[in-house]
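Letters A, B, ... are given to chains in the order of the sequence lines, protein chains preceding strands, and every chain is numbered from 1. Remember, it's a predicted structure, so these values are computed and weren't measured experimentally.
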Amino acid sequence: LAKTTQPISMDSYEGQEVNITCSHNNIATNDYITWYQQFPSQGPRFIIQGYKTKVTNEVASLFIPADRKSSTLSLPRVSLSDTAVYYCLVGDPHLEGSSNTGKLIFGQGTTLQVKP
Amino acid sequence: ETGVTQSPTHLIKTRGQQVTLRCSSQSGHNTVSWYQQALGQGPQFIFQYYREEENGRGNFPPRFSGLQFPNYSSELNVNALELDDSALYLCASSWGGGAPVSGELFFGEGSRLTVL
């Protein structure tokens, strides 16, 4: 599974848009990019997943350039409750014939601190 | 929809003892994976169970073992506990199999193990 690099920490203020960039230079053709959010003493929670261009859901947007060697998670108008660790993961969740969906490699993640 | 539940939520053991952690997967999910998360680190993949068999293992010694039952619930067993085993143990469930899936993992709240 491809290794990812992301900033250790970021600060923001309530109401601002936050962009967290992740580098994954060795991403494979079949790999998808997935972001998880984790609050202290809780399990990670799926935010968004994409393969190319742009993906948007009710929580965030994910921007992936054409070369797919990086991706940017965008959180619009953050609030204090968005303070958490955000993990970028790269892998192939679609291996047919066997289950590979549980084998995720987490890095240290980006600790986002939202201030009032 | 029933989420992933883990028990116990907290426990304290001493070096050399054995521990069993339990996980009930989300309704409809047949794959369970286990992660160890040390303080300040991202979750580390231990192993995954699919159709009651171990299907992939991370860099953990054999004293970490597991089971998956016909109802897809799972146990993580750790023998000869060491101080470094102190961590949050996370269980995640997903649907694995022939059909392409989103790759989203659903995590439980975790079991906090302290080894003294």
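- With hydrogens and angles ignored, the 3.5 Å screen pairs no side-chain donor or acceptor of A/T83 with any backbone N or O of A/Q113.
- Scored by the side-chain hydrogen bond (donor to acceptor under 3.5 Å, both in side chains) test, A/S12 finds A/Q16 as partners (sequence neighbours excluded).
- Judged by a 6.0 Å distance limit and a 45° cone about the ring axis, A/R45 is not positioned over the six-membered ring of A/Y36.
- Of the listed residues (B/S93, B/P43, B/G108), the greatest number of heavy-atom pairs within a distance under 4.5 Å of chain A belongs to B/P43.
- The contact between B/Q44 and chain A is made entirely by side chain atoms (from C-beta outward), counting heavy-atom distances below 4.5 Å.
- Heavy atoms of A/S41 lying under 4.5 Å from chain B belong to its backbone as well as its side chain.
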query: Does the pair B/W34 and B/F60 meet the rule for a side-chain contact (heavy atoms from CB on, under 4.5 Å), with working shown?
result: CA-CA 11 Å; B/W34 286 90; B/F60 282 82; over 6 Å; no

